[in-house]
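We name chains A, B, ... by the order of the sequence lines, and we start the count at 1 in each one. A quick note: this is a predicted structure, and the numbers were derived from the prediction, not measured. The analysis underlying the following values was restricted to heavy atoms, covering all of them including side chains, and did not include hydrogens, waters or symmetry mates.
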Number of protein chains: 2
Amino acid sequence: MLFKRYDHGMSFEKSTSAGYLANHMARLFARGLQRRVGPLGLAPAQFMTLLELWAEDGLTQKELVARLDVEQATMANTLTRMERDGLILRRPHPQDGRAQQIWLTDRARALQGPATEAASAQNEAALAPLTPEERARFLSLMARVTAAMRDEED
Amino acid sequence: MLFKRYDHGMSFEKSTSAGYLANHMARLFARGLQRRVGPLGLAPAQFMTLLELWAEDGLTQKELVARLDVEQATMANTLTRMERDGLILRRPHPQDGRAQQIWLTDRARALQGPATEAASAQNEAALAPLTPEERARFLSLMARVTAAMRDEED
DNA sequence: AGCGTTTGAATAGCATGCTTTGCAATGTTA
DNA sequence: TAACATTGCAAAGCATGCTATTCAAACGCT
């Protein structure tokens with residue numbers, strides 16, 4: 001019997017790999033969000049962080065890390081850039097000398113409307129081909145898969 | 001009427017934002033894949049690139065860029081690291097003096113089995129809570145959303 | 001009180017992604 | 001064929017992730 005040179009019998013089709021699709025989809029979301037919120041002077045990770053801070057100000061870095069599920073070092077760097085860009089202020093925590101509280105600037109508050117509109121537009125563009133029922137199922141499936149991987153991490 | 005300080009009436013719930021969930025899910029996939037293929041000396045983007053090259057060798061950088069949907073500069077950097085790590089060789093293209101062909105090394109060929117097994121294990125862990133029908137629907141939904149965003153880019 | 005442990009952040013170093021820019025090899029066209 | 005345009009890659013610069021390390025503040029226990 002003849003075999004083609006590269007047929008090792010263990011094809012791994014990227015088009016049917018959840019991880020591959022998830023990566024590609026997330027990159028497309030990020031590109032689109034960048035295109036839409038970039039003109040406001042925001043980057044995607046900054047927008048994600050602002051989402052938490054618009055809901056509640058004065059959090060510590062540790063709290064942001066827990067809510068956004070990124071590493072502490074990643075958050076520290078993102079906050080440094082946001083401080084540089086005049087979006088937040090870091091103030092010493094009144095009860096804990098190791099910690100700081102993160103406060104929004106007026107500029108950051110003013111961006112809530114335009115930025116959330118831009119993000120909604122991106123979501124709408126991505127989900128355009130789906131029916132309302134499919135959208136709900138899709139969000140639910142992503143949430144379950146995400147939860148499975150989080151559980152597996154500990 | 002009274003309003004809480006931060007209720008601007010435009011809540012954007014991250015738990016119901018497709019983009020937010022996609023980003024989080026992709027980060028969890030990347031962490032898991034890193035954990036599983038890292039010991040083989042591979043990084044996630046290198047694995048993604050190898051997926052194409054295991055199927056077909058001798059492609060140009062331009063062809064890889066088209067198949068993986070990343071920017072040319074991103075691919076150039078990834079290939080430089082793969083060359084440094086002894087996974088590929090860059091050889092001048094016989095017909096086009098500007099281009100090069102990318103060839104796998106024996107080391108890269110030997111990694112196909114273990115690496116695809118590791119990636120399959122990651123996919124399995126992520127999709128564990130889903131039924132076979134749900135998995136199929138999930139992949140199909142991701143493909144449709146991805147296609148919608150790609151279409152929108154041009 | 002004193003000492004070891006834990007905890008909150010910062011820093012360094014690296015991988016991946018992007019945009020922008022530059023350059024040499026090819027193609028095209030007047 | 002000379003001039004212009006296109007194309008394939010590389011390099012610079014930056015944002016976001018990660019791991020590992022370090023440091024000071026806070027805690028806990030004897």
> Taking atom P of C:dG8 as reference, at what distance in whole Å does atom CD of A:Gln95 sit?
Replying inline: 14 Å
> Any salt bridge between B:Arg35 and A:Glu153, counting N to O under 4.0 Å?
Replying inline: no
> Under 4.0 Å between a Lys/Arg side-chain N and an Asp/Glu carboxylate O for B:Arg36 and A:Glu152?
Replying inline: yes
>> For a quick check of understanding: with a heavy-atom distance under 4.0 Å over all strands, which category does A:Thr80 fall into, base, sugar-phosphate or nothing?
In response: nothing
>> Check this for me: does any side-chain nitrogen of one of B:Asp69 and A:Arg31 sit under 4.0 Å from a carboxylate oxygen of the other?
In response: yes
> Nearest of C:dG17, C:dA9, D:dG8 to any side-chain atom of A:Gln100?
Replying inline: C:dA9
> Quick one: which of C:dT19, D:dA10, D:dA25 gets closest to the side chain of A:Arg98?
Replying inline: D:dA25
> B:Arg27 side chain N/O closer than 4.0 Å to the phosphate oxygens (OP1, OP2) of D:dT16?
Replying inline: no
>> Checking contacts here: which listed nucleotide (C:dA25, D:dA15, D:dA10) is nearest the side-chain heavy atoms of B:Asp96?
In response: C:dA25
> Does B:Val70 belong to the same Ile/Leu/Val/Met/Phe/Trp/Tyr cluster as A:Leu28, with side-chain heavy atoms less than 4.5 Å apart forming each link?
Replying inline: no
> In whole angstroms, how far is the P atom of C:dA9 from the CD atom of A:Gln101?
Replying inline: 10 Å
> Contact class for B:Ala30 (heavy atom, under 4.0 Å): base, sugar-phosphate, or nothing?
Replying inline: nothing
> Any link between B:Leu42 and B:Met75 through a network of hydrophobic side chains (Ile, Leu, Val, Met, Phe, Trp, Tyr) touching at under 4.5 Å?
Replying inline: yes
> What is the nucleic acid contact for A:Glu71, judged by heavy atoms within less than 4.0 Å: base, sugar-phosphate only, or nothing?
Replying inline: base
> Among D:dC9, C:dA10, D:dG17, which nucleotide sits nearest the side chain of A:Gln61?
Replying inline: C:dA10
>> In this structure, how many angstroms lie between the P atom of D:dT16 and the NE2 atom of B:His24, rounded?
In response: 17 Å
>> Please pick, from D:dA20, D:dC9, C:dG17, the nucleotide with the shortest atom-to-atom distance to any side-chain atom of A:Ala73.
In response: D:dA20
>> Let me confirm one number: the CD-CG distance from B:Glu52 to B:Leu59, rounded to the nearest 0.5 Å.
In response: 7.5 Å
>> For A:Phe47 and A:Trp54, take the angle between the two ring planes, folded into 0 to 90°, and tell me which bin it lands in: parallel under 30, tilted 30 to 60, perpendicular over 60.
In response: perpendicular
> Roughly, in whole Å, what's the span from CD in B:Glu83 to C1' in D:dC9?
Replying inline: 13 Å
>> Looking only at the side chain of A:Ala43 (C-beta and beyond, no hydrogens), which of the listed nucleotides C:dT16, D:dA15, D:dC9 gets closest?
In response: D:dA15
> Separation of A:Asn23 atom CG from C:dT16 atom C1', in whole Å?
Replying inline: 9 Å
> Nearest-Å distance, CG (A:Leu68) to P (D:dC18)?
Replying inline: 11 Å
> Does A:Gln46 get its side chain close enough to the base of D:dA15, under 3.5 Å, for a donor-acceptor pair?
Replying inline: no
> For the side chain of B:Ala99, counting heavy atoms from C-beta on, which of C:dT19, C:dT16, D:dG8 is nearest?
Replying inline: D:dG8
>> Whole angstroms only, please: what is the CE-P distance between B:Met75 and C:dG17?
In response: 8 Å
>> Of the options D:dT16, D:dC18, D:dC9, whose atoms approach the side-chain atoms of B:Arg31 most closely?
In response: D:dC18
>> By nearest heavy atom, map B:Gln72 and B:Arg84 onto DNA chain C; which one lands nearer the 5' end?
In response: B:Arg84
> Roughly, in whole Å, what's the span from CG in A:Leu50 to P in D:dT16?
Replying inline: 11 Å
> Which part of the nucleic acid, if any, lies within reach of A:Arg35 when heavy atoms closer than 4.0 Å are counted: base, sugar-phosphate only, or nothing?
Replying inline: nothing
> If you find the nucleotide of DNA chain C closest to B:Asp85 and the one closest to B:Thr74, which residue's nucleotide is nearer the 5' end?
Replying inline: B:Asp85
>> Using the side-chain heavy atoms of A:Pro44, tell me which of these nucleotides is nearest: C:dT11, C:dT16, D:dT16.
In response: D:dT16
>> Strictly below 4.0 Å: does A:Asn77 bring a side-chain N or O up to OP1 or OP2 of D:dC18?
In response: no
> Any side-chain N or O of A:Arg81 under 4.0 Å from OP1/OP2 of D:dC14?
Replying inline: no
